[in-house]
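Note on naming: letters A, B, ... go to the chains in the order of the sequence lines (proteins, then strands), and numbering restarts at 1 for each one.
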Protein chains: 4
Amino acid sequence: MNFASDNVFGVDPRIMKAMVLANEGTAVSYAGDDITRRIEARFNAVFEREVQVFLVATGTAANALILSAMTPPYGAVFAHSHAHVMLDECGAPEFFTGGAKMIGLEGVGGKITPAMVADKISGFIRGEHDPRPAAISITQSTELGSVYSLEEIAAFGAFAGSRGLKLHMDGARFANALVALGCSPAQMSWKCGVDALSFGVTKNGAMGVEAVVFFDAGLAGDFAYRRMRAGQLLSKNRFLAAQLEAYFADDLWLENARRANRLARALAQGLGAIGAVRLAVPCEANAVFAVMPCSMVENLRERGAVFHDWIAGAADAQPPAEGEVMVRLVTSFATSARDVEQFLQIAGA
Amino acid sequence: MNFASDNVFGVDPRIMKAMVLANEGTAVSYAGDDITRRIEARFNAVFEREVQVFLVATGTAANALILSAMTPPYGAVFAHSHAHVMLDECGAPEFFTGGAKMIGLEGVGGKITPAMVADKISGFIRGEHDPRPAAISITQSTELGSVYSLEEIAAFGAFAGSRGLKLHMDGARFANALVALGCSPAQMSWKCGVDALSFGVTKNGAMGVEAVVFFDAGLAGDFAYRRMRAGQLLSKNRFLAAQLEAYFADDLWLENARRANRLARALAQGLGAIGAVRLAVPCEANAVFAVMPCSMVENLRERGAVFHDWIAGAADAQPPAEGEVMVRLVTSFATSARDVEQFLQIAGA
Amino acid sequence: MNFASDNVFGVDPRIMKAMVLANEGTAVSYAGDDITRRIEARFNAVFEREVQVFLVATGTAANALILSAMTPPYGAVFAHSHAHVMLDECGAPEFFTGGAKMIGLEGVGGKITPAMVADKISGFIRGEHDPRPAAISITQSTELGSVYSLEEIAAFGAFAGSRGLKLHMDGARFANALVALGCSPAQMSWKCGVDALSFGVTKNGAMGVEAVVFFDAGLAGDFAYRRMRAGQLLSKNRFLAAQLEAYFADDLWLENARRANRLARALAQGLGAIGAVRLAVPCEANAVFAVMPCSMVENLRERGAVFHDWIAGAADAQPPAEGEVMVRLVTSFATSARDVEQFLQIAGA
Amino acid sequence: MNFASDNVFGVDPRIMKAMVLANEGTAVSYAGDDITRRIEARFNAVFEREVQVFLVATGTAANALILSAMTPPYGAVFAHSHAHVMLDECGAPEFFTGGAKMIGLEGVGGKITPAMVADKISGFIRGEHDPRPAAISITQSTELGSVYSLEEIAAFGAFAGSRGLKLHMDGARFANALVALGCSPAQMSWKCGVDALSFGVTKNGAMGVEAVVFFDAGLAGDFAYRRMRAGQLLSKNRFLAAQLEAYFADDLWLENARRANRLARALAQGLGAIGAVRLAVPCEANAVFAVMPCSMVENLRERGAVFHDWIAGAADAQPPAEGEVMVRLVTSFATSARDVEQFLQIAGA
């Protein structure tokens, strides 16, 4: 019963198989190979337009590299104060951008709004004493498992465009949000004004690859240099590309995301039906945030359930009272339905 | 007949198999898994002492991260002017170190000497107007396929120690050098005074993993932070560790390196016997640098041989004359003996 | 009637005279001159112990350079969210530290507490995914004109020491705070555990010089390199040192600070006696923060008064209501008593 | 007899007087004052076109800040290997540019040529593994006291333009070169294709101010942010501007430069007439580089002459033999003719 994260699971067998099959003969190193060429074309098809794609090894690298292309070192980047780029990357955005100012915004349910960004910027009245507003980063699905609607994303796109800001989407769980909204990749990204996307793959079944996807070609121009000098250009890049080829084949990615979301929903519904438990945010993707009695949490862990306590700050529900704790439960492509049932049984007992 | 690089080949089947086998159940993410624990212990055994090990995705990351732990941003790092850290990483060392000064030294046969470093430092007579000498980086085997002897490495160790400098070894081809010298990993590293090692794995049969190995524990203290904020901590780290586990099993790494070196030697001997060809440096590991007539090079390429022209600057032989060119031929664990024979046949025809 | 800032005034005539007198003959450049030597000794006397002193051109440089010596690039620095290092330096701390995480804390009256820092650090439970807590920066007097008591500073010193953090004091208005507390420079700094001090001079009568003062000699070791490569080592450094020599002579600095504080107190008392005005924070140094009716503010400006509106966030009084605004009034060594009287007359009319 | 550098002298009395006069009343801080406005207009007049001007405290800051606007962090900057930006700034260019690659070129007489840059770039054949060529920096007059002709500068301008590179001129001794060539400031800068200029003032009589001058307005757009976050925006900026106002008044700057050059020429001629001495480079501005017998050097120093030994590498004369040493002698606006005479007497005795 491991609900600690979607990255505690291994690799989808179909993806692993593709890697084994890619291991044939020689290939031009450093992304000059045929599989990389094919996957670039595939991304164009997935997003229904020409995009620029660069594969990297981690989501932190994808996020920080994109931000480094979006902001000068004296710029400001706006994001939710609980966003991965703010809290989980040990200063990678500051490192990669050469010291840009990361400005956290408080927003309930894990979401921020253009108005929050506008409000911050309205305080920048002292010329170069303030940093130059440069980019907004939103996470889809969010760190609290909520999902921005297309309207919400489009509002960011319009706002960013009108202010000369770039819009980044951290899509570590892009697939989970996509199937939640039931829209197309194009709709959830560039059609709403997203300039660049961290397209997550690892959490949804890959071994270790994330795709940097640019819709704003101007940002992509020199990106190869950035990836290289960050040590993120793999010599045997074909094995990253092979993971993505399997990921897209037969809509494996959507299938995996749907499964994870379905199990999360079942978990949320089951927990919602238990009197002593309340959901901290509505479950919209593959994570459930719930406030539970400490005794229930202890009992679950004793019986083998694995999951993390979570910071209650960004939730929109009543915060944990004495004797309560907020926890995070994440499901994945490989979570078993039995684990969900068993978890609910123990919780409800 | 691909002699372009050792990274144009795929993954050793035994390493690939280990990755498939590692794909079982859940594992603590971000290097908290059991295979990572085991491989750390294994490194202690390989190096006959306690070492600190951190896995990363690329050699550029390994090198630049180690240098960032060795030099302050106002420091100077000395290396051969043709070293990978000088020429092939698009400024990664400058990026990771926060702007340290990379100082290239000219040395024949791809090698530098402590005297060259001492000479440079002797010009640093103006206090803080010069950078602070901080580290030396040597490559084993070198970019020209030569191998530092244990005496040569120990001379660097003694020199660095006496000057308060740190000594880094870029061991992208550590195994090839090791079997060339026929010594132990301990002898070729910390026993000679090496403080930290980029332990190469990818070029010798892995899919994509390099190990940062610290012999100076003080340098390792905060290294986890550096790896994290460089986007080099993989969530599913077990698959990096699994590659290394197979790499060490049954001395696979030494077997692969011996095979590559043997084929390179055959290539070198064959070419040396051709009148119109001269070796640019003695072949000591798995690369051959040869000056050939342009017509021979053209003919080889037309007949399917793949290899790169190379910068002649660091060689110790007579530079290419009009109508000649210097080329690099690299062999690997997966190079076929037939390819070597065929190459020599065409060249000698 | 200029209350915009203490830096709108020029140079104290006694300091200007010292610069003219320093303009004799030749002197070793780059801080190798005699006046620099003398001023270093003078700092030892002022602080009653050996200190390391480095002169720089601006307060932003002093702050950012000190922080760069206190935190690794993957570290975290804690400061009031309205501190100069957070809000007014366009990312200089991020730049100089190589991307350290600047973490703002909300505190009323412009002050923070060790408990606020402890609370933030208690959320750092994920190892290298969080930055490494490295330093605390407090401002004395604060951006709201309040003054930390010796007990409050000592509490920071004790806390920082117990947690392995470094303690920085931004003393852009060190003199104003010092005379407010009526203690010695030693008491207000290293005796309370301050490790390094940005010793402000410019706002209190100099032309352009700030002193970086280290009480922790370990931090000072390589600081000369940092100053140099930041372009903050002036070739004709004697003219910076000369300003400080005059600053300390006959306690000019204390006299100037006392005068500025006295006028601020008069301003605060006068405003406090006006019914429609309320002080946002008690006036303890040389700045007055007051909430005024907009009509009064307009009238003052029409009659020639110059001053800035201010962000109300950090004040401890009731925030401005509709039709009110918070303003900042700063006095200096050169503010005239007549200006204060006239300002109060117009405000009270 | 101080020939150590032109910065061992103090401030021209007319410049000092202007600073004293600027000390009247209040002025908007941070470069918002009237004198700063006037000096900006004055620069337009001096350069016969609209330019963007930013004052900073040191030449190192001017150089490094300009380069940071010219190159991305993954770019390469080409300069003479003995240039100030390469050798004398402790890595400031690497720091300010976020880690750009500084590539030194060897050239006799302190000069480089476009062909040398072209030759280096021709080796950049591996895409993003090499840095992206971004800028060229030339020094006028050079570190060896030689002066680029207008034709030589124009050749750089044409080359840079054709390759998409930016051209920086380090004009720490701009005035000395200008009067040597007898041309206009416009001719020696933008008319030859210079994009940005470090306009030196301090060495030619100021207390401490250098002007960053942009001819390429695109580079200047965000420069205010860069200056601010480098801690190079002085609050009492009027005192920097006042120095420049006096510098330009009545052509003081040209008068000072002419005097320095005249004395250097006298020194060079006098030394050239001594059999045991040979000039290392022709004296074209205000510095003399000479190879002298060690005994002569010792004698001069014993008799009170102050000057530095120098690295012989970049000279175009026969290098020092056993018992010889190369020295640098710099004259300034305040060097006395008597000192020159006396120096020559002792040397020739």
* In terms of heavy-atom proximity below 4.5 Å to chain A, should D/Arg229 be classed as side chain, backbone, both, or neither? -> side chain
* Asked: Side chain, backbone, both or neither: which part of D/Asp130 has an atom under 4.5 Å from a heavy atom of chain A?
  -> backbone
* Asked: Among D/Gly98, D/Gly127, D/Pro73, who wins on heavy-atom pairs under 4.5 Å with chain A?
  -> D/Pro73
* Any side-chain heavy-atom pair of D/Arg126 and A/Tyr30 under 4.5 Å -> no
* Structure fact -> Tightest non-hydrogen contact, residues D/Tyr225 and A/Arg132, listed as OH-CG, 3.2 Å
* Find out whether D/Tyr74 and A/Met228 are in side-chain contact, i.e. whether some heavy atom of one side chain is under 4.5 Å from a heavy atom of the other. => no
